[in-house]
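Below is one structure, written out as C-alpha cells, with a few remarks after it.
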There are 2 protein chains.
Amino acid sequence: MGQISITSKFWGRYRGLVRTEMIPFQWSVLNDQADIVIEKERNDDSIPNEKSHAIANFKIAAGREKGTHYGWTFQDSDVYKWLEAVAYSLREKMNPELEAKALEVIDLIADAQEDDGYLDTYFSILGLDSRYKRLAGSHELYCMGHFIEAAVAYHDATGNEKVLNVAKKCADNIDSNFGPEDGKIHGYDGHEEIEIGLLRLYRATEEKRYLNLAKYFLLERGKNPQFFKEQAKEYDGPNALNGIENLPDTYFQNHKPILEQETAEGHAVRLVYMCTALADLAAETGDKEIFEACKRLWKDVVEKRMFITGGIGSTVIGESFTLDYDLPNDTMYCETCAAIGLIFFARQMLRIEPNSEYAEVMERALYNCALAGMALDGKHFFYVNPLEVNPKKSKLDPTKSHVKPVRPAWLGCACCPPNLARMITSLDDYIYTVQDGGILLNQYIDSESHINVGNNYVEITQETEFPWDEAVKVSVKNSGVDAIRFGIRIPSWADEKCLIVDGKEVPINAEQGYHYLDIEANGKASMVLKFKMAVRRYYCNPLVSENNGKVAIGRGPFIYCIEGVDNGDNLNNISLPADKKLEYHFDEKLLNGVGVIEGEAERLVVDNGNSLYFTETIKKENAKIKFIPYYAWANRGENEMQVWIRE
Amino acid sequence: MGQISITSKFWGRYRGLVRTEMIPFQWSVLNDQADIVIEKERNDDSIPNEKSHAIANFKIAAGREKGTHYGWTFQDSDVYKWLEAVAYSLREKMNPELEAKALEVIDLIADAQEDDGYLDTYFSILGLDSRYKRLAGSHELYCMGHFIEAAVAYHDATGNEKVLNVAKKCADNIDSNFGPEDGKIHGYDGHEEIEIGLLRLYRATEEKRYLNLAKYFLLERGKNPQFFKEQAKEYDGPNALNGIENLPDTYFQNHKPILEQETAEGHAVRLVYMCTALADLAAETGDKEIFEACKRLWKDVVEKRMFITGGIGSTVIGESFTLDYDLPNDTMYCETCAAIGLIFFARQMLRIEPNSEYAEVMERALYNCALAGMALDGKHFFYVNPLEVNPKKSKLDPTKSHVKPVRPAWLGCACCPPNLARMITSLDDYIYTVQDGGILLNQYIDSESHINVGNNYVEITQETEFPWDEAVKVSVKNSGVDAIRFGIRIPSWADEKCLIVDGKEVPINAEQGYHYLDIEANGKASMVLKFKMAVRRYYCNPLVSENNGKVAIGRGPFIYCIEGVDNGDNLNNISLPADKKLEYHFDEKLLNGVGVIEGEAERLVVDNGNSLYFTETIKKENAKIKFIPYYAWANRGENEMQVWIRE
C-alpha cells in the first residue's frame, strides 16, 4: 500500500508495548526461558501447560535436537504469529537484534520443512504417515497458513526471499495434495486460515495456483459434511484432538456449502477467518455470488450476533455462535481472537464496498473487545472478554469458570496474545483502503502516510488526539498524474459534525458513511473534521432478552463499563435513572490516561438480613456512578465489572 | 404414624395419576415393554438410553436369564423406587394385581441377592471382586439404601416379612464390611442414601447396629477427602462412572467432616439426602451438635441458595450448588429430585424443631419445583426446572441444552419420575408431625387421619379446597387418656388471618409459626382457619444480581409464571409497573383447573429493524399479562416461560 507511520499517542503506547514487552516476552516463552506459570484456559488435564516447547519442536523436527513433540497440534502457529508480528515491527522500525532472531527462526523453519515442502513439526516428529489424514483437528493447513502469512509479511517488510521460498514450497506441497483432481484429497482444514495465507501469497507472487487453491478450499467446504468423520473412520493415527470430529458440523462451518450458509455458525474464530478469506477472494475476483455470501454472513454477525463491544461467540461450549439475538453478558465467550478476526473480515469487506459500516464495526471491535484482550502493561491477556463479571462466580460457579476476572500472563493455548501482537503492529494496514483511483480514510489515527494509488503517489497526514479529542485534521497531497477520489469517514456515533475543507466549512454529504473529495493531479486538500463525542446511552434491540430495560454507555468509539473498584460491590444493584446527566472528563492519571464518565445513580440497599424473598420492595438510595472505557477494565486487581446497567 | 387418607381433590388427582399412569407405565419401562423413546438428559454417547433393562439385570443376576448388565451402575434403584411407590400405593388402596407384581419383584430381588446379603446386579453380573472398591461412582450402597427404604415401606404397608429380611441381610452385609473396626472399609458411598435407608430400617427393626452404621457413614464422611481417589488408585475394575473421582471433593460433600461443613456444597441431591439422614439421626439421638450442623446447612440452603420455587442447584456442571446468592434463572439445574430431597430434609427438621419455616419450605418445594417435575398427564417429566426458558435457546445454545422446554416421557437416568411417584404416594407422611404429646399440622390437605400419639388415638379431619380456597376446617378428636398439644400452622404468605376455635374467634398467637391448642383426654376441638390469599409481589434479596429490578408473583403456596402461549413471545419484553393491580380468578377449564392472575403490563415494542444497538430508547406499549401457577407450565406445547418479571 505504501509507507504509513503511526504517530498517535494512544496507539504509539500500545505499539511500543508490543515492541518492547510482548515480542521479547513471547520469544522467551517460545524458547521456554520465561519464568511464568502458563495458565490453562479450562480445567482440563489434557491441556498442555508446562511449557511452550514451540521452538524446541522445530529443533527436533529439523534434526538439531532429540526429543518428542510437546504441546497442542497447533503449537507451531505461535512461532509463526510471533514472526509475523516481528515483520510488522521491523517494517515500522528496523532493529538488527530482532532481525537476527527472525533470521534464526526462518533458518530453523526451513530446516524443519520436509523435502517435499510439507511443514508441521507435530507430524514430522510423530509420523509423516499420518499427515493430512485427520484434518478436523490436525491444524496442519492452519499452521501452514499462519506460516505463509508470516512469510509474506516478512518478505514485504524486509525483502527476504528465503522465507518466501519456504512458503511457496509449502503452498506447492498443499497444492499437490488437495484439489478437485483425482488422487488428491477432496477436503480442507478443520480450522480455516490456509485460505487467508494462500491469498496473501498469491498477491506476493502473482501465482494464480494459490488463488485457485484458496478458492477450492473455500468452495469445497461443507459440500460433504461427512468429510471429517470419514477421515476419522479411515485413519486412527496420532491426533491430539481426538474426538473433535464428533463436534457438530456447524463447529467447522462444515454443515453446508459456504455460499448457502445463511447464518454465522460454530466456532467464532473459524467463522470470521473463513469470512476474511471469502471476502478477500471476492475482492480479488469480483465474484458477485461470493460477495453476496460474505454480506449475508456479515449482516447476520453484526445485526444479530455481535456484542456491543464488538465481541462475538455467545457460548464457551465450542467457543461458538448460538442463535440470533442470544447475547448473554456473563456466560458468553467473546474471544479476543474472534474480535480480531472480525476486524480482518471488515478490512476485506471495505475493499469491495466503500461502506463505513465496515469501518465502524472494525473500530468497535478494535477499541473495545480486542483491546480489552490486553492489559495496560502489555504482559497479561484475556481470551474471554465478558460484559459482566463477578469474580466470586468465576471461581465458584463452574458455568462461569471460563470468565476470568483478571488477565493471566500466558495460557496453554497461546492464540490470542500473538494475534493481538500482529494486529497492533500492522494497525497501519487498517487506516486506509486503497481502491481504483481512490482512498478511503477509515480510522482516525494520528499518522503520516505515503500511499500508492495506481500511478499516483499520495501523501496523507492525520493530526488528531483521537480517540479522546473531537477533531481530525487531514492533509492530502496528490503527487500523481491522475485525480484521486478521497473519502473521509463521517462517524455515526458523533453529534454536531462539521467539515472544513481548505479553510471553508462544507456541507457534509456522506455516501454510505464517507464524504468524498476529488483531489486533482498534483493537487492537495486540507480537511478538518470536527465532531462532538457526547456521552451516549445505547439501548439494545429488545429481542436480546438479557438487555431489556438496560442501558450501555459510550463515547466516541468507546463502550464504557463500571468496575467494583470505583463503584463498590454488587454492581447490578446500581441503576441509572433515564433523566440523570452523565459528565465526561479526561483523567490523565487514571489507567494511563482515560476518559471517565460520572454521574448520579441509584443503588438497591442491601439490608434485608437473612432472607431471600420479601414482599416489601427493595429500598433504593442515591449513589454516584463512575464509568471507565471497557478496554481498560481489570487493570486494578480483581473486581466486578458490568457494561449493561439497569435504567 | 397411623392411618391417613387424603381426600383432597387437588392431590387426589395426582395420586390417582401415579396409581393409574405412572406406576403401570414405569413397570412397562422397567420390563422394556413400553413403546417410548428414552431421551438422554445430555448429549453424551456414554448415556445408556436404548432401554431400561432394570428387571432384566435382576433376572441375569438371579441366574434366571443369560446376558449382561445394561444401563447405569444405579439402574437397580429404578426398581426399588418403583417398589417403594407401590408400597405407599397399596397402603392407600389395596390392589391385588399390583401386589402380585410387587411380590414377583421381591422374589426376584431375593434371588438376585448374594448369599452373604450383598445386593447389586451391576457387580453381581460384572464381577463381585470389584464390589465396594470404587465407591465414588459405584452407587452400591446408594442402591441398597433405596432397596432398604422400599423394603421398610413395603413391610409397613403390607406386613411382608420376606422383603424386610432381604433388607436386613443387605444391611448386615454392609455392616460387616464398613465401620471403624480394623479390616473393615473406612469409607462411604459417593451418593448418600444408604444412611436414610439404615435409619428407616432401625425404626422398623429397633436394631441399634443400623443406627450406628448410619451414624458411622455420616460422621466418617469427609474425614479423609482422599478416600475416593485412594480407592480409584488401588483398584481399576469395572466402574461405569470412571473418572468421577476427579470431580471436586465438594461434589460428594467429601471436602471436610460433615459437622464442620458451613455451606451446602456439591451435587444438590446428594447434599439434601445427606442432610435428611443427618436430621433423622439428630431426631433419633437428640444429639445437639448434629442438629446444629443440620441447621447450619438448612439456613445456608434456604436463606442463600434456594430459588423462589424451592428449587436448588445453581449449575448443570455437577448438578451442583455454587455460591451464596448465585441463582441464575435460565442456566440453573433445580433438579426435581433435589426439590424432593429438600422436602425430605424439611420433614426431618420438623421432628426436632416445631418451626413452621420447615413446613413452609416443604410447601414451597412441593407446590412449585417438585410438582413442576411432572406433566398434568402424569406421563412426562422434567429433571431440570428452570425459572426462565426460551425453547430456541435450549435448542441452539449448548449452555442451556439441559433446560428442556417440554417434559420428555422418560430419560436414560430415570431418577426423578420414580422419586415423584414415591413422594406423591407417601404425601400423607408430610401433613403432620407427631411428637411427644403433640401433633403439628404442617400442610393443609383435605384428609381424614387416625394418628397415634403415645397412648392416645387421635382423629383429625381437614376439610378444605386448599390450595385454591382460603379456609381450612380442622376437627380433632382425642380418644386418649392424655391431653395432647395440637399445633396448627399459621401461613406466612396469607393476610387477614382468622382462627375460629369451637365457634369462637380467638386471637392468633403463633409460636414459631404454629398456634397451639391443648386438647384434653377424650376431648375434641374444631378449628376454622381463614385467611386471604392475596396476589403477592415478591422481591428478591438484592444480592441475587439476576433478580435486581424484578418481581415474582405468588398466591398462597404457589409461585406464578408467564408463558408464551398466554403472553406472546419475547417474554422479557414484558414489564409489570409497580402500581398496576393484578386480579385473581379460578379458571375451571384451564390446565385441569388453576387459579389465574391477570392484569395490565407494558411491553417493549420490537420494531427496530435490522440493528442491535440504538441511541433511542425502546418504545413501550400497554399489554395484558396473564400468570399461571408455575407447576402447570409447559403443558400446552413448547413455549417461553418466565418467573421473574421486570418491574
Side-chain angles (χ1 to χ4, degrees), chain A residues 45 246 299 302-306 308 314-318 320 322-323 325-328 330-331 388 390 392-393 395-399 401 493 536-546 548-549 551-552 570-573 575 578 604-606 608 610-618 646-647, chain B residues 45 246 299 302-306 308 314-318 320 322-323 325-328 330-331 388 390 392-393 395-399 401 493 536-546 548-549 551-552 570-573 575 578 604-606 608 610-618 646-647:
Chain A
D45 286 337
N246 299 327
K299 285 171 82 72
V302 307
E303 295 177 0
K304 295 174 182 166
R305 300 185 176 208
M306 182 183 71
I308 196 166
S314 292
T315 177
V316 57
I317 299 173
S320 285
T322 54
L323 65 155
Y325 305 110
D326 182 37
L327 299 167
D330 58 349
T331 57
E388 182 171 331
N390 179 330
K392 285 186 217 147
K393 293 187 184 179
K395 275 198 201 86
L396 294 168
D397 181 349
T399 314
S401 63
W493 37 248
R536 287 201 165 181
R537 287 183 184 235
Y538 289 105
Y539 300 95
C540 193
N541 190 309
L543 293 173
V544 180
S545 69
E546 285 82 358
N548 287 175
V551 61
N570 309 314
L571 291 180
N572 203 42
N573 287 351
S575 60
L604 296 173
V605 179
V606 179
N608 296 287
N610 290 325
S611 269
L612 273 172
Y613 306 109
F614 310 93
T615 49
E616 307 81 41
T617 55
I618 308 299
R646 291 181 304 109
E647 186 170 68
Chain B
D45 286 339
N246 299 327
K299 285 171 83 72
V302 307
E303 294 176 0
K304 294 174 182 165
R305 301 187 176 206
M306 183 182 72
I308 196 168
S314 292
T315 178
V316 58
I317 300 173
S320 284
T322 53
L323 63 155
Y325 305 110
D326 182 37
L327 298 167
D330 57 350
T331 57
E388 182 171 333
N390 179 330
K392 287 185 216 145
K393 293 187 183 180
K395 275 198 201 85
L396 294 168
D397 181 349
T399 314
S401 63
W493 37 249
R536 287 202 166 182
R537 288 183 183 234
Y538 288 105
Y539 300 94
C540 193
N541 190 309
L543 292 173
V544 181
S545 69
E546 286 82 358
N548 287 175
V551 61
N570 309 316
L571 291 180
N572 203 43
N573 287 351
S575 60
L604 296 173
V605 179
V606 179
N608 296 287
N610 290 326
S611 268
L612 272 172
Y613 307 108
F614 310 92
T615 50
E616 308 81 42
T617 55
I618 308 300
R646 291 180 304 112
E647 186 170 69

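By convention in this document, chain letters (A, B, ...) are assigned in the order of the sequence lines, proteins followed by strands, and residues within each chain are numbered from 1.
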Fill in the blank from the handout: One option among B:L396, B:N548, B:N572, B:T322 has the most heavy-atom pairs under 4.5 Å with chain A, and it is B:N548
Exercise for the section: Tell me, out of B:N573, B:L604, B:N390, who's got the most heavy-atom pairs with chain A below 4.5 Å. Expected result: B:N573
Fill in the blank from the handout: From the list B:L543, B:T331, B:I308, the residue making the most non-hydrogen contacts under 4.5 Å with chain A is B:I308
Problem - Expected output: side-chain B:T315 to main-chain B:I317 donor-acceptor under 3.5 Å - result: yes
Handout entry: A:T615 OG1 to B:W493 CH2 distance, which is reported to the nearest 0.5 Å
Key = 14.0 Å
Completion exercise
By salt bridge (charged side-chain N to carboxylate O under 4.0 Å, His left out), B:R537 pairs with (sequence neighbours left out) B:E647
Practice task
Output the option from A:L323, A:N570, A:V302 having the highest count of non-hydrogen pairs under 4.5 Å with chain B.
Solution key: A:L323
Exercise for the section: Working to the nearest 0.5 Å, report the span between OH of A:Y538 and CD of B:E616. Expected result: 11.0 Å
Fill in the blank from the handout: Max heavy-atom pairs within cutoff under 4.5 Å with chain B, candidates A:K395, A:K393, A:R536, goes to A:K393
Practice task
Decide yes or no for A:L612 and B:V544: does some side-chain heavy atom of the first lie under 4.5 Å from some side-chain heavy atom of the second?
Solution key: yes
Practice task
Could you tell me which portion of B:L571 (side chain, backbone, both or neither) has an atom closer than 4.5 angstrom to a non-hydrogen atom of chain A?
Solution key: neither
Problem - Pick from B:L327, B:D330, B:V551, B:T399 with the largest number of heavy-atom pairs that fall under 4.5 Å of chain A - result: B:T399
Problem - Set of residues satisfying side-chain contact (heavy atoms from CB on, under 4.5 Å) with respect to B:K299, sequence neighbours excluded - result: B:K295, B:E303
